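Following: one structure in structure tokens, then a few remarks.
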Amino acid sequence: MEEKQKRGTSLVFAVNGERFELPCIDPSTTLLHFLRSQTRFNSPKLGCGEGGCGACVVLVSKYDPKLKKVEDFSVSSCLTLLCTFNGCSITTSEGLGNTRDGFHSIHERFAGFHASQCGFCTPGLCMSLFSALVNADKGNKPDSPPGFSKLTSSEAEKAIVGNLCRCTGYRPIADACKSFAADIDIEDLGLNSFWKNGDSKEMKVSKLPPYDPNKNLSTYPKFLKSESATILESSRYPWYSPVSIEELRNLLYSNVTENGASFKLVVGNTGSGYYKETQRYDHYIDLRHVPELSVIKRDQTGIEVGATVTISTFISFLKEESKINFGSYGKLVSDKLAYHMEKIASPFVRNSASVGGNLVMAQKNGFPSDIATLFLGLCATVSLITGHGFENLTWEELLLRPPLDSRTVLLTVSIPFKKDQNSKFLFEAYRAAPRPYGNALAYINAAFQADVSLCQNSFRINNIRLAFGAYGTKYATRAKKVEEYLTGKMLNVHILYEALKLIKLAVVPEDGTLHPEYRSSLAVSFVFEFLYPLTNAHSVISGGLHNGINDISVEEVFKSSKDGCISQGRKQTLLSSAKQVMESSTEYYPVGEPMMKVGAAMQASGEAVYVDDIPSPPNCLHGAFIYSTKPLAGVKGIQLKSNQLTYGVTEVITCKDIPSGGENVGVITRFDPEPLFADDFVRCVGDRIAIVVADSQRSADVAARTALVEYDTDNIESPILTVEDAVEKSSFIKIPPFLYPKQVGDFSKGMAEADHKIFSAEVRLGSEYYFYMETQTALAIPDEDNCMVVYTSSQCPERAQYVIATCLGVPEHSIRVITRRVGGGFGGKAIKSMPISAACALAAYKLRRPVRIYVNRNSDMVMTGGRHPMKVTYSVGFKSSGKITALHLDLLINAGISDDVSPTLPLNVIKALKKYDWGALSFDVKLCKTNLTSKSAMRAPGEVQGSYIAEAIIEHVSSSLSMEVDSVRNKNVHTFESLNLVYDNIVSVGEYTLPSIMDKLAVSSNFFQRSKMIEQFNQKSTWKKRGISRVPIVYEATEQPKPGKVSILQDGSIVVEVGGIEIGQGLWTKVKQMTAYSLGLIESSWAEELVDKIRVIQADTLNIVQGGYTAGSTTSESSCEAVRLCCNVLVERLSPLKKKLQEQNVSVDWPTLIRQAQMESVNLAANSYYVPESDFTSYLNFGAAVSEVEIDILTGETTILQSDIIYDCGQSLNPAVDMGQIEGAFVQGIGFFMNEEYLTNEDGLMVSNSTWTYKIPTIDTIPRNFNVHVVNSGHHEKRVLSSKASGEPPLLLAASVHCAARAAVKAAREQLKQWDKLDGSVSEFYLDVPAILPVVKTQCGLDYVEKYLETLLAQKCN
């Protein structure tokens, strides 16, 4: 008999060692909401609310009184319900260490490896790593060397595979994590602030912040052990914790669940990340305490797993080394299941998500589950508890039933094992997804098993089972006709070919499924990969046609099988390497030093304060936007749905609430303004209609999400959604003449000189979402005298101030806007943050109460627009040598509904395009006004498109001439003279470093040798193809005027204010270095000590004016120059005083000098406003990249094997910061070119508006080998201490990855041509951006497998 569990009347748990006891709590409260609203611990951040980003990760520690041990695991606190943590301990990043008690070595290493930029994601990353460290050090592994964990390098990287970071590019994060690994070679770790070049290995290890697993902090306080076996008593909570099947069944049929009462069965609650809840349940039933539901066992007959067993627990169980003798089939199945399931979700989701919950979501809701497919392929059976009692049936039978009712509970799942016999067993699981690991649903998944016998040098299929899922049907299915066809047959190429034809008929996605042909093609690929090694093709054809699948004979396959089971799967690895080279200078010390980013350790510990971390003032309300889902319509009214989750709604604010004297304005730039709210008419999808104000953010969000907007589309003309629509209706935004780019040369003459011509070719580029980790947010607090204080996450607080004042009809001095730091911007917090601040202020003004808005991720993605889509039609003339003589572009830019900054785009596009010498260049540019959310500046706006368009044209020309594309690039790279011709003589002699960079890069990356090796590889490999590409960039940066203020306090400490905003780009760090250098001119030996005396503080629009935008990559250097001007004034004031003291034989140090200055009333504050000289506001940046990729023809997956970058930073102000900017920009560029599919519906509404559907790069999608060289190109006249920008230009270099992918696809098409199976040209094809898996596979040929088999069959006939 089970010992009766104690029941407690209060929820008891600990957070960072502090005891919390809650006599009552809303059971729908998530752990994250409680931590952020009811405790002082703000390190877990709300990044998505879907378990898809890792910003909210915490460690949960749970004591098992039976085993007398603590279980530690990471969870996504935005999903898990607080009531599930009764008797548990929660550890957040502050709990590991902090500024008061000292930082944990994780924090210090993240900071020292430069692994935190904006810092918003860093605490979650630290907790993911900490969880892995704790569990590795508890494991039965050999002891690690002093200072290291038992964690391996591979495990260290996998620990953070589900965490997103938009800033760093992951490389330094990987280094920080691997620095704890026992098997790491310390020489392989990259740039850091701990050791110097030349230090021995022993010295390097000694300089790492110490880590001692034996002295780790206690994650589970002793006082909780008495609470660990206690479960919640339902008398105070509508939360029930049955401890037996009988109690559960009684509960399901009691008054709790009758009379219309709603209830929810709870295990991990992770399903709420996918299916958003818009109602509150009356009752919650926690299933985790029912012993039968948590069973997990295995013997020779099979595996039985309870429904509440977490996916992580199931994986660990499958991987246990001390497995009993359960047969070869059981071992095969266990290994394959564990490997496949590690690709499901993220570690911190798998740790709380249950196996049963996943299956029930698949059965009831059609969730595209991998586990459902795996279990279908393995003939699993399930046991249920229903209203009629217990029931056992197959998983397949359950899938075919109607959705389970709310009172039916899945109890266990059983996987039967095959008995060993004379035949052989195969089992394999497959998936193809946007990411190899991490949070990514599959395009299709599959699980196959077969029983085969060897007969006369061929395999006979005795039995086969083929299960497919997630391909666009409601549930996983079997290809029964294919199974029937194959059963009993001797497998050969012809039989396989016929089976694959049947597969295409069996696996057909439903209408409306994305990429349907691709998904069907994947099903063919997987079956081919499963069965092809068992055909007798090796004796049919020679020449290595089947390399890459399995290059051994049928007999060898049979003989190599162990214990009657065949395993031919290919496991992916995840381990990156990198090399960084910096050329730094000590000329302006400490400027030029690779100093650690200011506040990085504080960001890692979670103590850095972002807007949403500011405690809510008393009586604070929360707002959420209601936006239009129609592109063009009248608005008749708004109706809010009433349910328990919308209790607390206070007001709906619309344009009618704008006060008299105010204006309906949400955006003001130097172009036409944009309204804050639609009036009675919406003009675009995502148009702001109103904000709902409620007493909690959750209530506001649910009210806004469920609000019914009544639209009127009668007598409304059709909306303009595409650039073609805009041209047809002449809907354009005016481009001011001063922003229209200059044409070059005579196009007609250039075309007349050409030997070859291409006419009217097209390039199309889509949009991209910013995906800053911190969404748009603001807090508005009414102040005295009709004033307002607004805290906002903005790249331009000054503009936000102007917009708010104009909207409210008050003087600007009545509005104080404060921005301390921004959790990622990339241009999206420049213009797009203005209406958020204005709406927040308007609500606070009307209601006379503080109001805060934290826009949820889904709404943010819809409302903020993003990068400008473009259509380019070009005609180009060129010589037979590859030299281009003339280019004409017709450029259509989709600007969306309002001007925003779109009029600047044409100039940016053309400036970047001019990186090559086109001979004559003409163009016609139109800014198209459409009924889409206005597009805005996004990192390298226009430049990334222009640079890529140039590469697409070069690729097209080389294809037409059948020349090497690198040769054509070199033919058209500028000379010094041609460069100055098109860029208006802004480059001085000796400053044009691009040709030397290209040459250096060819040598350092072994470009030409690798090109030959790739050619040989492609000749030998049928199913994997590689490509390599070298791409240059020329980027024109423009400095902006910037203010600065430096104040020296009585104790000699220094306060600095600048107009630029710290958005993760290291602006504060560079400013601090510049201040120390500039004040150190009084006495150079003081510079180093001054660094620690300087504090850069938040931007406040009433303290420092004319701050302008933090944009364009030059704000750091402009802010530094403004500070230098201030310091020059202070040096001028203090130097005579120092000289006077020295003449009096007084020993002068900095504190002495400042004390004397105070006594003599020297003004110790200085303001400045740096305005660049009109002739030197712009300069050029140069760089180049070589990237090599490998594509998998069967799936279309692209792996970036290596990227090498050389970038000219001038004389870097901080090489470590610039290195981080280069790597981060490059990886963000990879997202644009390879990963981020921006999907809209027929109305233009973004539908890929979640972490489930929009995939930015993760650690498993960056280059496996990532090498960056920051060149110090010496002195540059009129530059800020000879420095150059690094924030945006390197993003353009990511086109090298796309171009390399195109080269690999071309190799695949060449192979088709060799088989005489190619429809179309080998080289003249367009690879879409982004080149996601379906795009790559489509251009290789969706029927590539069939054509390969046809070739085999044809050769057999011959």
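In this text, all values refer to a predicted model and were calculated from it rather than measured experimentally. Every heavy atom of this structure was used, including side-chain atoms; hydrogens, water molecules and symmetry mates were not.
- In this structure, D984 does not pair ionically with K911, as no charged nitrogen and carboxylate oxygen lie closer than 4.0 Å.
- Contact annotation: the side chain of L191 never approaches that of F113 to less than 4.5 Å [non-hydrogen atoms, C-beta and beyond].
- For the pair V581/V1270, no side-chain contact is recorded, criterion being any heavy-atom separation below 4.5 Å from C-beta on.
- In this structure, R1010 and Q1202 have side chains that are in contact, with non-hydrogen atoms separated by less than 4.5 Å.
- Of the possible polar contacts, one joining the Q795 side chain to the T1110 backbone as a donor-acceptor pair under 3.5 Å is found.
- Under a 3.5 Å cut-off, the side chain of E798 and the backbone N or O of Q1106 do form a donor-acceptor pair.
- Between S1203 and S1187, the shortest heavy-atom distance links the atoms OG-OG, 2.8 Å.
- A donor-acceptor contact closer than 3.5 angstrom links the side chains of Q117 and Q1221.
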Carefully, step by step, assess R969 and E955 under the rule salt bridge (Lys or Arg N to Asp or Glu O under 4.0 Å). CA-CA 9 Å; R969 283 194 178 97; E955 299 256 2; 3.1 Å; yes

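- Counted within 6.0 Å of CD on E1088, heavy atoms from surrounding residues, nucleotides or ligands total 12 or fewer; the atom is thus considered open.
- Remark: of the listed residues K1070, K1072, K597, K597 is the sole one forming a salt bridge (Lys or Arg N to Asp or Glu O under 4.0 Å) with E1062.
- The closest side-chain donor-acceptor pair between T993 and D1208 falls under 3.5 angstrom.
- A donor-acceptor contact shorter than 3.5 Å links the side chain of T168 to the backbone of Y170.
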Could you go through V1091 and Y1077, starting from their C-alpha distance and side-chain angles, then the distance that decides it, and tell me whether this counts as side chain to side chain contact (heavy atoms under 4.5 Å, CB included)? CA-CA 9 Å; V1091 170; Y1077 160 72; over 6 Å; no

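- Side-chain N/O atoms of N1267 and D1204 include a donor and acceptor closer than 3.5 Å.
- Taking 4.5 Å as the limit, every side-chain heavy atom of M751 sits out of range of all side-chain heavy atoms of T885.
- Within the 4.5 Å cutoff, the side chain of L887 has heavy atoms near those of the I953 side chain.
- Counting heavy atoms from C-beta on, the side chains of M1074 and L1281 come closer than 4.5 Å.
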Could you walk me through whether V1056 and V1123 pass side chain to side chain contact (heavy atoms under 4.5 Å, CB included), step by step? CA-CA 8 Å; V1056 181; V1123 165; 3.7 Å; yes

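- No donor-acceptor contact under 3.5 angstrom links the side chains of S585 and N1272, judged on distance only.
- Within the 4.5 Å cutoff, side-chain heavy atoms of L739 are placed close to those of P736.
- Dense packing is recorded around CD of E587, with more than 12 heavy atoms of other residues, nucleotides or ligands lying under 6.0 Å away.
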Side chain to side chain donor-acceptor pair (under 3.5 Å) between H114 and S193: does it pass, once the steps are laid out? CA-CA 8 Å; H114 311 290; S193 60; 4.9 Å; no

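- Inter-residue side-chain proximity for T1075 and L1090 is flagged as unmet; no heavy-atom pair is nearer than 4.5 Å.
- Of the N and O atoms on the side chains of H974 and Y983, not one donor lies less than 3.5 Å from an acceptor on the other residue.
- Looking only at atom types and distance, the side chain of T1038 has a donor-acceptor partner in the side chain of S1178 under 3.5 Å away.
- Relative orientation of the F976 and Y992 rings is tilted, given thresholds of 30° and 60° on the angle between their planes.
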Trace of the side chain to side chain donor-acceptor pair (under 3.5 Å) decision for N1181 with Y1207: CA-CA 8 Å; N1181 295 269; Y1207 184 75; 3.3 Å; yes

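- Remark: side-chain polar atoms of R1030 are paired, donor with acceptor, to backbone N or O of M998 under 3.5 angstrom.
- Judged by distance alone, with hydrogens and angles left aside, the side-chain atoms of Y740 form a donor-acceptor pair with the main-chain N or O of V925 at under 3.5 Å.
- If you check the side chains of H1269 and S1004, you find no donor sitting under 3.5 Å from an acceptor.
- Remark: the backbone N or O of A1295 is not paired with any side-chain donor or acceptor of E951 at under 3.5 angstrom.
- Side-chain polar atoms of T1115 and K1042 form no donor-acceptor pair below 3.5 angstrom.
- No side-chain donor from either of Y588 and Q1211 sits under 3.5 Å from a side-chain acceptor of the other.
- A donor-acceptor pair under 3.5 Å is formed between the side chain of T904 and the backbone N or O of V901.
- Salt bridge status for K935 with E768: absent, with no side-chain N to carboxylate O gap under 4.0 Å.
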Would V1096 and V598 count as a side chain to side chain contact (heavy atoms under 4.5 Å, CB included) here? Give the steps. CA-CA 9 Å; V1096 187; V598 170; over 6 Å; no

Test side chain to side chain contact (heavy atoms under 4.5 Å, CB included) applied to L1180 and Y1035, step by step: CA-CA 5 Å; L1180 297 184; Y1035 189 104; over 6 Å; no

Worked check of salt bridge (Lys or Arg N to Asp or Glu O under 4.0 Å) between R939 and E1288: CA-CA 6 Å; R939 201 173 195 173; E1288 293 175 287; over 6 Å; no

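- When the options W918, Y874, F747, F923 are evaluated for a ring pair (Phe, Tyr, Trp, His ring centres under 6.0 Å) with H888, the one that passes is F747.
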For the pair S1282 and H1276, evaluate side chain to side chain donor-acceptor pair (under 3.5 Å) and give the outcome as yes or no after the intermediate values. CA-CA 5 Å; S1282 299; H1276 294 272; over 6 Å; no

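- No hydrogens or angles considered: nothing links the side chains of N1214 and E593 as a donor-acceptor pair under 3.5 Å.
- With hydrogens and angles ignored, the 3.5 Å screen pairs a side-chain donor or acceptor of T669 with a backbone N or O of D900.
- More than 12 heavy atoms of other residues, nucleotides or ligands lie within 6.0 Å of CD in E753, so this atom counts as buried by the packing criterion.
- By the 30° and 60° cut-offs, the orientation of the rings of Y948 relative to H1298 is perpendicular.
- Between the side chain of K971 and the main chain of I884, no donor-acceptor pair closer than 3.5 Å is present.
- A cation-pi arrangement is present between K829 and Y772, with the terminal nitrogen or guanidinium carbon under 6.0 Å from the aromatic centre and inside a 45° cone about the axis.
- No hydrogens or angles considered: a donor-acceptor pair under 3.5 Å links the side chains of T975 and S978.
- Side-chain N or O atoms of Q1040 include none that pairs as donor or acceptor with a backbone N or O of V1171 at under 3.5 Å.
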